[in-house]
Amino acid sequence: MDQTLARKVNPKPRRKGGTYSVGAEDIYIFPLSESTNLFIQKVWTAFVNKMVSMTLPNGKPVFQYSIFEAIQDKNLKIVASATHFKMKQVTDRIGVQTIEEFIKNTIPISIQDSGNLSARYLREAILSVEKKARPEVYFHSLDDERVHPNLKQLLTKTMNYAAGIPLFIKGFPIGMLWGIRRDNMTPEQEEEVRQQLYSLYDIVDFVISKEMGIKGDPYYARKNIEKSDLHSRAKHLFYTRGFGQEEPVTTIVFDSHTYQRSYRLDASYIIPSGDGYSVSLKRFEPKDRNDSGKNLLLIPGFFCRRSVMDKVARELCLRHGYRVFSMDMRGRSRRTLPLFGIREGWTVDDFIQEDFPAVLAWIRDNFPNEKLVVVGHSMGGMIPRFYSSAYDEIVKRKSNSPVALPNPEDSIAGIVSITSPNFIRLQAQIPGLDILKMGLKLVPSKTISDFLFDLTSFSLQTTLPTVDLNKFFKFLLGLHSSLRAVSFDLHAKVVNLRDFVGYKQISPPEWYFLIEDIFCEESTKVVLQFLRSQLSQDRSFLSYDGTLDYTALQKNLQIPLFSVLGSVDKVVPSETIENDLAALPHKKNKIITYEQGHLGIVFHMPVVKEMCSEIDTWIKGLNST
């Protein structure tokens with residue numbers, strides 16, 4: 001161990017007498033107040049979950065394990081732990097059997113214990129915080145003899161190096177957060193981790209202070225900590241009056257140390273749609289924009305929130321300099337639902353014919369001198385294509401539309417369609433689906449699909465306007481009602497979702513992120529519309545009432561289209577995209593393929609970087625003749 005590292009971890013001998021200067025040895029650590037302790041108990045799983053989801057700029061995970069030592073009266077005790085592994089050891093009953101047992105086996109260590117390095121670091125941190133500085137980030141080897149025996153007995157052969165930071169709330173220490181890994185880090189990696197832990201320190205302090213002080217909502221505290229961008233550091237927080245919004249918009253200015261660029265995040269603009277519903281927009285605004293003259297609108301897919309597009313949004317904003325809007329359609333959050341509740345569900349037609357044109361009109365009115373490029377994933381790519389190609393028919397049918405219906409050719413410069421089909425033809429393994437398909441071959445497909453559609457519509461619409469797919473998948477997979485409590489114990493149980501994501505690199509934190517934050521409540525009508533397309537033999541996607549064939553109208557699309565395919569995508573196989581789009585005549589059209597699955601293409605960072613670079617080049621080429 002080098003001298004710099006040793007200097008960080010060697011506790012100084014206690015002084016016999018006092019001096020003018022206050023040293024770490026003099027600091028008394030107060031127990032947490034009961035109210036603070038009760039709130040933090042409901043949040044501290046977020047600390048360790050975020051720690052093991054940290055990645056280096058190349059996308060590789062930083063830590064395999066994380067633990068949080070909380071101040072409990074006059075002791076420090078490990079109260080939360082998470083692992084980045086598949087947790088095969090858990091299912092096979094090898095080694096530590098469960099996270100709960102791991103925590104149960106830990107013994108509280110007195111804050112006064114001379115061998116308690118975490119307590120030493122907390123005292124040093126109090127001195128730093130009192131001087132308006134962040135605490136030190138500590139790196140050291142777990143082979144060091146100074147590691148306390150109570151902790152040493154918990155370590156395995158894969159736990160060799162640790163990085164930790166004291167956490168504070170409103171200037172008071174709450175505990176010590178540790179990330180543990182197998183391999184040592186280079187100086188460059190240590191600096192990257194240091195910057196990310198500073199960001200996490202700020203986020204924990206800000207989020208918990210806010211939630212304890214205003215709403216007292218631990219769910220939102222956990223969610224905001226786990227969704228935070230550790231590659232950037234928040235500089236300023238404002239509440240702004242944005243573009244005619246009735247409620248204030250939360251505006252945060254960030255410095256990204258990964259991208260070396262400052263940016264502004266606005267969340268959220270609420271745009272009224274139809275029947276009391278609304279659409280929510282999040283904006284990423286780089287300090288220095290490119291000169292393309294284009295804004296970008298990102299639309300997520302079926303039963304996904306806009307968070308699924310965050311990696312793409314940040315890459316296009318921070319590396320390539322675009323103003324990026326990320327869209328949540330109706331039903332994705334409480335602010336997008338009618339004030340007095342849902343009377344009935346919504347359809348894909350509502351996304352296409354009301355939500356999308358409402359956003360199109362809002363962006364046009366607020367940024368009249370700039371064209372828009374729409375980037376949609378899965379169903380998010382169907383929406384702008386279907387609106388644009390069926391525009392004349394939509395205008396005829398919706399003469400009394402509650403929203404403006406902008407002409408797409410006047411507003412949209414191009415569409416980027418990522419793993420987005422023209423009709424639904426799943427190859428993923430779904431129980432019973434093959435039997436239904438075989439049955440359809442024996443009778444006229446229109447008859448049987450309409451019968452099933454009408455029957456299912458009648459039974460579901462009258463009792464259940466929406467399906468909470470988050471709960472549905474947890475029930476289907478036999479998972480715990482709150483995944484945050486099981487700390488990524490997912491790989492062994494997720495079967496069909498592996499087809500949905502479709503790439504081998506996905507990690508337990510990403511599984512967790514998908515099921516806890518990405519999958520959302522969806523209307524049964526939307527599910528039924530997709531079911532009809534799946535069961536039909538007509539290779540078409542129809543409106544809910546069956547009178548509008550969006551797929552057939554694709555031939556009318558005059559807007560340049562960049563289609564991105566996944567060669568191992570079992571949700572949207574290339575046969576549902578390639579032939580139809582290749583037949584479109586626009587000379588700026590482009591098709592590109594990556595060896596990825598349905599969600600892997602927007603999750604796996606190396607692919608995201610390459611794809612966004614291709615998108616940037618294509619957008620800039622739209623201005624050329």
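Keep in mind that what you see is a predicted model, and the values were worked out from it rather than measured. Counting begins at 1 with the first residue of the sequence.
Checking Ser333 against Asp328 by side-chain atom types alone, no donor-acceptor pair falls below 3.5 Å. Looking at Ser209 and Asp205, their side chains do bring a donor and an acceptor atom within 3.5 Å of each other. Side chain to side chain, Arg323 and Asn295 meet the donor-acceptor criterion of an N or O pair below 3.5 Å.
In this structure, Lys282 pairs ionically with Asp310, as a charged nitrogen and a carboxylate oxygen lie closer than 4.0 Å. Using a 4.0 Å cut-off between charged nitrogen and carboxylate oxygen, Arg261 and Asp288 do not count as a salt-bridge pair. With salt bridges taken as basic N to acidic carboxylate O contacts below 4.0 Å, none links Lys50 and Glu226.
Rounded to the nearest 0.5 Å, atoms CD (Glu610) and CD1 (Ile601) are 10.0 Å apart. Taken to the nearest 0.5 Å, the OG1 atom of Thr419 stands 7.5 Å off from the CG atom of Leu599. Atom OG in Ser292 sits 7.5 Å away from atom CG in Asp616 (nearest 0.5 Å). In this structure, CG in Leu122 is found 9.0 Å from CG in Leu167, a value given to the nearest 0.5 Å.
Under the 6.0 Å distance and 45° angle rule, Arg134 does not count as a cation-pi partner of Tyr201. Cation-pi contact between Lys311 and Phe603: present, with separation from the ring centre below 6.0 Å and deviation from the ring axis of at most 45°.
Of the residues Gln196, Glu192, Arg194, the one that meets the side chain to side chain donor-acceptor pair (under 3.5 Å) test with His257 is Glu192.
Within the 3.5 Å criterion, the main-chain N or O of Asp183 finds a donor-acceptor partner in the side chain of Arg181. Without hydrogens or angle criteria, Glu211 side chain to Ile208 main chain gives no donor-acceptor distance under 3.5 Å.
The neighbour count for Glu130 CD, taken as heavy atoms of other residues, nucleotides or ligands under 6.0 Å away, does not exceed 12.
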Could you check Arg306 against Ser268 for side chain to side chain donor-acceptor pair (under 3.5 Å), going step by step and ending with a plain yes or no?
CA-CA 12 Å; Arg306 65 191 177 198; Ser268 296; 2.7 Å; yes

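Applying the side chain to side chain donor-acceptor pair (under 3.5 Å) rule to Trp178 yields the partners Glu69, Ser118; only residues at least two apart in sequence or on another chain are considered.
A perpendicular orientation is assigned to the rings of Phe68 and Phe47, their planes being inclined by more than 60° (bins at 30° and 60°).
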